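Indexing begins at 1, ligand by ligand and atom by atom, following the structure's order. Numbering starts at 1 and runs along the sequence shown. Just so it is clear, the structure is predicted and the values come from calculations on it, not from any experiment.
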Amino acid sequence: MATKYLNDRQLSGLKKLGDIILPGDSELPAFSKTGFELHVDRICKYMNQDDLEGIELLLSIFSWLPSLAIRILLKIAQKPRGEGSLAALFRQLDIGLKGIIFTLYYSNLETANEKAKNIHSVIGWDSQIASYPEEDEMFEKTDQFRLQGQMGDSSEAVMSRAVLSQPAVRELTVKRRLHYIKNLRRYILRNREKITDLIQKEAQKTKTDILVSEIFGVLDHLAFLEKFSERILKDEKVHTPVALLGKKSRIYYEPLGTVLIISPWNYPFYQAIVPITSAFVTGNTVVYKPSEITPLEGLLEEIFTACGFEKEWVQVCYGDGKVGAELIDLRPEKIFFTGSVATGKKIMTQAAKQLIPVELELGGKDPAIVFEDASLERAVRGCLWGALTNSGQSCTSVEQVFIQESIFLEFKKMLLKEVKKIRQSNCDNGAVEIGHMTSPMQIKIVADHLEDALAKGANLLHGDSWDRKSAAIPPLVLDNITEEMKIYRDETFGPIIPLISFISEREVVDRCNRSQFGLSASVWSKDLKRCDRVARSLITGNVSINNVMLTEGNPALPFGGVKNSGIGRYKGAAGLHGFCNQKSILIDGHSEKCEVNWYPYTQKKYSGFDKMMEALFSPGILNFIKFALIGMKLESYSDKAAKKKKVPTP
Ligand code: NAD
């Protein structure tokens, strides 16, 4: 069983080491028989970070080494010869390793025998050992946790705790932060079924939608963080121009402080964990406000606590838009908002008054563009899934299907055949394609768009059985769509499939680019050059080629929109950098010399700069040599300035 601080490999190294130091005898049990794992976290928690990282490394090595090699190492460490620093190091190693093993061994009153208990009382160890509950137990303690959690705290209290604890997160290395991310990945993987059930209860989606889009998406993102964030966040060397010869330039990626994350209801788990962990791994504390429609009350606190996060590092504030607005007034260092365009505008207006940077991940009206040479069955099934997954309640759902005129009828026929196979339920066992709508408000919007389209001449080809009120909205397939219809212009956010024909590539690109949105699109054709051309011409943040909604399936790709679909990017390297203060550093070695462009200004300097500039920015090697010579001459002026300063004091 991995602990919060040590993984399985490190624990096996610890066990091996412990049994060598304390193999047990007729009276005392061997180290591995004492239930030492229960106390590992308590000790590690108070260790200095460098020491902890050293121990982790050593234990990983021990897990690989044969016992004999560890015995030899311990023997050498026990009897170091001489007074040198190497001898001191060995002594420290000996004391350090034994210290850990003995402490763990005698910590467990439950399993150690009488003799051990006596030793225990002699050394005066506190017998009130805290043990961590098993994960399953944690999960069952939801109600108890809720009472202890942050619910009910004022926004001010939450924000001030987040601000006060931020320096502690800032001080953790990225590697250390990733330790918690790894715990999170393992915990979510182990508890995926329970998490899936909880999401289904609140969001009414199908099990497969939750497992694939929320759980898998989250795990994939966490694995990406583990693999790449150290590299993405390490100090970056950048070019220093020749005019700044002798200097070095760097970018440091530092945390911003406290980040406020406000999320919508459509992917309540994914939209929580992905931005929260991106902000945390970059060293920020997080105040998270979920949607009041799918708050998943208590779940995040439970998960983060079980994974070793301090309570203040990630806090959840429940409530509606009023709570969100309150939190903005408390001036977080950044607002990361996912939601509707209308709310995005309100948030940006409020943030502007305090100059708080905002990132907005807003709505979309994503087109699928199917050319006549596309693989028809794949395109039909891809568009069907893209329009219906999560009951169409995805920001990148396919909301318009543009089909080239020559294949329009065939595409429609195949799509209608496929759509009849769709099964619907909000409490399935995994073998159902679409669930129910999550929010009553959204049902009204879908009904309104449908009625508006029908009134303006659209044909409803599938889904007429819907009473316009039930949350179980069947797939709504329509054709005869015109640009005046809401279903063409506005985000519907429901299981709609409007079929629209087009004639030429230019025409379809122009029509798509007239949209108020620019989130994502898909392009379907055998001609990859055409796909690439269209992808480049579309004014959107993302395009999937011969696939659908797949850019967001790769955590290395930045995600975000243009126009009314938002501002900024999250995920990938750009996403992590978005949660950072990108600090520029210019390093000059220590020198007595003054810069030539500092005061005093002289006519000679002026003309030197003028000539140097002309030489530097003109082509050819001769000009470069000229630049170098003028540069040297200019440097000599600064030398003189320095020398002048060095007037001997009387
Ligand atoms: P919404 O804008 O109604 O609410 C989103 C969040 O904002 C909720 O937590 C809500 O309580 C909060 N909020 C509302 N008013 C606020 C205010 N004045 N100040 C601060 N917070 C406030 O959105 P929704 O209906 O929950 O979500 C659906 C929308 O989200 C759709 O438009 C969808 O396209 C969009 N979305 C976008 C992405 C993306 O990545 N681009 C992803 C998912 C959803």
Side-chain angles (χ1 to χ4, degrees), residues 155 202-203 205 213-214 217 221 260-275 278 287-296 316-330 332 335-354 356 358-366 389-399 437-446 449 490-494 515-520 540-542 549 551-553 555 557-572 575 578:
S155 302
E202 278 197 27
K205 316 177 184 204
S213 304
E214 302 231 44
H221 163 78
L260 170 63
I261 295 172
I262 302 178
S263 288
W265 48 261
N266 62 333
Y267 289 102
F269 192 64
Y270 182 92
Q271 296 295 356
I273 303 284
V274 173
S278 304
V287 174
Y288 171 67
K289 197 206 84 63
S291 165
E292 61 277 26
I293 297 168
T294 50
L296 300 178
V316 188
C317 256
Y318 297 94
D320 57 12
K322 221 171 120 235
V323 174
E326 249 171 53
L327 289 164
I328 295 172
D329 273 341
L330 296 167
I335 303 164
F336 181 90
F337 171 76
T338 310
S340 64
V341 178
T343 311
K345 285 180 181 170
K346 276 191 214 160
I347 286 178
M348 198 163 169
T349 308
Q350 194 184 347
K353 290 184 189 141
Q354 306 187 69
I356 306 170
V358 286
E359 187 161 331
L360 305 175
E361 300 289 342
L362 308 177
K365 188 80 194 172
D366 288 4
T389 182
N390 215 32
S391 288
Q393 304 165 108
S394 301
C395 51
T396 54
S397 289
V398 171
E399 291 220 357
M437 298 294 284
T438 306
S439 144
M441 182 66 198
Q442 208 57 47
I443 301 171
K444 284 192 190 149
I445 296 175
V446 178
H449 282 204
D490 301 334
E491 185 182 49
T492 309
F493 226 54
S515 168
Q516 58 164 315
F517 296 104
L519 191 53
S520 188
T540 60
N542 317 267
M549 296 175 78
T551 55
E552 55 265 50
L557 284 172
F559 182 82
V562 294
K563 299 195 270 184
N564 272 356
S565 292
I567 297 171
R569 294 290 178 272
Y570 84 119
K571 307 212 296 187

Below a 4.0 angstrom heavy-atom separation, can you tell me which part of [X], side chain or backbone, both or neither, approaches ligand 1?
| X | value |
| --- | --- |
| Glu491 | side chain |
| Phe559 | side chain |
| Ile262 | side chain |
| Leu327 | neither |
| Ser439 | neither |

Practice item. For Thr396 and Phe559, run side-chain contact (heavy atoms from CB on, under 4.5 Å): C-alpha distance rounded to whole Å, both residues' side-chain angles, the deciding distance at 0.1 Å, then the answer. Key: CA-CA 11 Å; Thr396 54; Phe559 182 82; 3.7 Å; yes
Going by the atom numbers of ligand 1, which of them fall below 4.0 Å from some non-hydrogen atom of [X]?
| X | value |
| --- | --- |
| Gln271 | 42 (C), 43 (C) |
| Gly363 | 32 (O), 34 (O) |
| Ile347 | 19 (N), 20 (C), 21 (N) |
| Phe493 | 28 (C), 31 (C), 33 (C), 34 (O) |
| Asn266 | 43 (C), 44 (C) |
| Pro290 | 9 (O) |

Okay, side chain of [X], backbone of [Y]: is any donor-acceptor separation there less than 3.5 Å?
| X | Y | answer |
| --- | --- | --- |
| Thr492 | Gly494 | no |
| Lys365 | Asp490 | yes |
| Asn564 | Gly518 | no |
| Glu399 | Phe493 | yes |
| Glu214 | Phe269 | yes |
| Thr551 | Asn542 | no |

contact_flag [X] ligand 1 heavy-atom lt 4.0 Å:
| X | result |
| --- | --- |
| Lys322 | no |
| Phe337 | yes |
| Gly566 | no |
| Gly561 | no |

For [atom], what's the nearest protein heavy atom and its distance?
| atom | result |
| --- | --- |
| atom 27 (O) of ligand 1 | Pro264 CB, 3.1 Å |
| atom 35 (C) of ligand 1 | Gly339 O, 3.2 Å |
| atom 14 (C) of ligand 1 | Thr343 CG2, 3.3 Å |
| atom 25 (O) of ligand 1 | Trp265 NE1, 2.9 Å |
| atom 42 (C) of ligand 1 | Cys395 SG, 3.1 Å |
| atom 11 (O) of ligand 1 | Glu292 OE1, 2.7 Å |

Exercise for review: Tell me yes or no: between the side chains of Gln393 and Asn266, is some donor less than 3.5 Å from an acceptor?
Suggested key: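 There is no such pair (donor and acceptor under 3.5 Å, judged by atom type) between the side chains of Gln393 and Asn266.
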Practice item. Using only heavy-atom distances, determine whether the side chains of Ser155 and Glu326 contain a donor-acceptor pair under 3.5 Å. Key: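 Yes - a donor-acceptor pair under 3.5 Å links their side chains.
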Identity of the nearest option to [atom], non-hydrogen atoms only, from [options]:
| atom | options | result |
| --- | --- | --- |
| atom 22 (C) of ligand 1 | Gly324, Gly321, Ala351 | Gly321 |
| atom 41 (N) of ligand 1 | Val341, Leu362, Asn390 | Leu362 |
| atom 9 (O) of ligand 1 | Pro295, Ser340, Ser263 | Ser263 |

Could you tell me if the side chain of [Y] sits less than 4.5 Å from the side chain of [X], heavy atoms only?
| X | Y | result |
| --- | --- | --- |
| Gln354 | Asp329 | yes |
| Val274 | Tyr570 | yes |
| Tyr270 | Ser213 | no |

Check your understanding: Who passes salt bridge (charged side-chain N to carboxylate O under 4.0 Å, His left out) against Glu292, sequence neighbours left out?
Key ->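 Result, salt bridge (charged side-chain N to carboxylate O under 4.0 Å, His left out) vs Glu292: Lys289.
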Check your understanding: Would you say Lys289 and ligand 1 have an N/O pair spaced under 3.5 Å apart?
Key ->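 Yes; the residue has a nitrogen or oxygen that sits under 3.5 Å from a nitrogen or oxygen of the ligand.
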Check your understanding: Which is it for Ile567 and Met348 under the side-chain contact (heavy atoms from CB on, under 4.5 Å) test, yes or no, and what are the steps along the way?
Key -> CA-CA 10 Å; Ile567 297 171; Met348 198 163 169; 3.7 Å; yes
Practice item. Dump the intermediate steps for side-chain contact (heavy atoms from CB on, under 4.5 Å) on Phe337 and Val358, then the final yes or no. Key: CA-CA 7 Å; Phe337 171 76; Val358 286; over 6 Å; no
